[in-house]
Amino acid sequence: MPTHTMQMCLHAHTQTKCEDTEHFLSGSHQIPSAPKDSGAVHTKVCEPDTFDGMDPKKLCEFLIQCELNFRDRPQAFCSDTWKVGFALSFLKGIALTWFKPDLLDATPGANPAWADDYSEFVIELTTNFGPHDPVGNAEHQLDNLSMKDGSCINKYIVEFNCLTTQ
């Protein structure tokens with residue numbers, strides 16, 4: 001991370017007085033509010049579609065949409081805690097229910113590893129709601145990939161590239 005971005009992140013963190021940043025959901029069980037943007041110009045990135053955990057294929061798109069928001073507003077998401085809170089706010093159904101026991105646990109210091117570590121959160125989400133065999137699924141789809149009559153070559157190339165990167 002460039003020094004300037006780190007300084008801005010530290011400055012934003014200091015300004016917010018968010019003591020709960022260090023201990024996600026400790027005591028109050030509320031998602032911490034992100035620091036206010038310092039008037040920085042950013043693009044208009046769509047918020048992620050809600051993810052309910054019912055379609056494993058939609059998880060990757062959900063995580064990409066979250067990442068686009070993080071990159072668009074690095075000051076607002078300079079903490080993994082804020083990233084986790086943001087992603088949690090777009091879960092519903094069984095995906096949210098999976099995290100509910102940990103979110104409602106009032107035991108001090110009982111935060112799970114994923115609460116303060118976005119990478120751990122992604123692992124938890126992917127393990128429980130992602131495709132069970134992404135490589136096998138991609139191989140099967142590659143075996144059956146074909147360009148239909150009247151289809152655009154670009155569509156075929158995009159599908160091929162997506163499958164080969166899984």
Side-chain angles (χ1 to χ4, degrees), residues 1-131 134 138 158 161-166:
M1 181 180 289
T3 306
H4 177 68
T5 304
M6 288 175 35
Q7 289 172 341
M8 289 173 57
C9 185
L10 180 59
H11 178 69
H13 180 270
T14 305
Q15 283 183 327
T16 61
K17 300 183 205 174
C18 286
E19 293 155 357
D20 57 345
T21 300
E22 297 301 322
H23 302 289
F24 180 67
L25 302 174
S26 63
S28 67
H29 299 296
Q30 294 178 0
I31 296 171
S33 59
K36 304 240 185 284
D37 281 338
S38 60
V41 177
H42 57 85
T43 57
K44 182 173 169 98
V45 175
C46 294
E47 291 183 337
D49 296 329
T50 54
F51 178 72
D52 64 7
M54 297 305 290
D55 185 354
K57 295 178 205 166
K58 292 183 179 179
L59 179 59
C60 184
E61 184 176 329
F62 171 76
L63 294 173
I64 289 170
Q65 290 173 332
C66 286
E67 187 63 34
L68 289 172
N69 277 271
F70 301 155
R71 290 181 183 193
D72 184 51
R73 295 177 289 154
Q75 292 173 324
F77 298 110
C78 61
S79 162
D80 274 8
T81 304
W82 289 324
K83 290 179 180 181
V84 171
F86 178 81
L88 279 169
S89 72
F90 289 94
L91 297 182
K92 67 178 185 178
I94 194 159
L96 180 59
T97 302
W98 177 263
F99 292 98
K100 191 181 284 188
D102 290 327
L103 292 170
L104 297 177
D105 187 356
T107 309
N111 288 340
W114 56 260
D116 295 315
D117 186 335
Y118 184 71
S119 296
E120 288 293 325
F121 173 77
V122 170
I123 290 169
E124 184 80 13
L125 199 56
T126 304
T127 300
N128 293 291
F129 301 103
V158 168
N161 287 337
C162 286
L163 293 170
T164 59
T165 59
Q166 291 184 15

Strictly distance-based, threshold 3.5 Å: is any side-chain N or O of N128 a donor or acceptor partner for the main-chain N or O of E124? yes
Under the criterion side-chain contact (heavy atoms from CB on, under 4.5 Å), I'd like the reasoning laid out for F62 against L91: C-alpha separation, chi angles, the key distance, then a yes or no. CA-CA 10 Å; F62 171 76; L91 297 182; 4.0 Å; yes
Just wondering, more than 12 heavy atoms not from I94 lying within 6.0 Å of its CD1? no
Okay, side chain of N69, backbone of C46: is any donor-acceptor separation there less than 3.5 Å? yes
State, to 0.1 Å, how close P56 and G130 come at their nearest heavy-atom pair, and which atoms those are. CB-C, 3.6 Å
Using ring centroids (six-membered ring only for Trp), state whether F90 and F51 fall under 6.0 Å. no
Looking only at heavy atoms, what is the nearest atom pair of C66 and P48, with distance? SG-CG, 3.8 Å
Before you tell me yes or no, could you show the steps for L63 and T126 under side-chain contact (heavy atoms from CB on, under 4.5 Å), namely the whole-Å CA-CA distance, both residues' side-chain angles and the distance that decides it to 0.1 Å? CA-CA 10 Å; L63 294 173; T126 304; 4.2 Å; yes
Can you list the residues that meet the ring pair (Phe, Tyr, Trp, His ring centres under 6.0 Å) rule with F99, with sequence neighbours excluded? W114, F121
For the pair F86 and R73, evaluate side-chain contact (heavy atoms from CB on, under 4.5 Å) and give the outcome as yes or no after the intermediate values. CA-CA 12 Å; F86 178 81; R73 295 177 289 154; 4.1 Å; yes
To the nearest 0.5 Å, atom CG of L103 lies from atom CG of D105 at 10.0 Å
Value rounded to 0.5 Å, distance of NZ in K92 from OG1 in T50: 3.5 Å
Rounded at 0.5 Å granularity, tell me how far NZ in K58 sits from CE in M54. 10.5 Å
Can you confirm whether Y118 sits close enough to F70 that some side-chain heavy atom of one is under 4.5 Å from a side-chain heavy atom of the other? yes
Kindly give the heavy-atom pair with the smallest separation between P101 and T97, and that separation in Å. CD-O, 3.4 Å
Any chance you could lay out the side-chain contact (heavy atoms from CB on, under 4.5 Å) test for D80 and D116, step after step, and finish with the verdict? CA-CA 6 Å; D80 274 8; D116 295 315; 5.9 Å; no
Counting N and O atoms only, with roles assigned by atom type, does the side chain of Q65 sit under 3.5 Å from a partner on the main chain of D49, one being a donor and the other an acceptor? yes
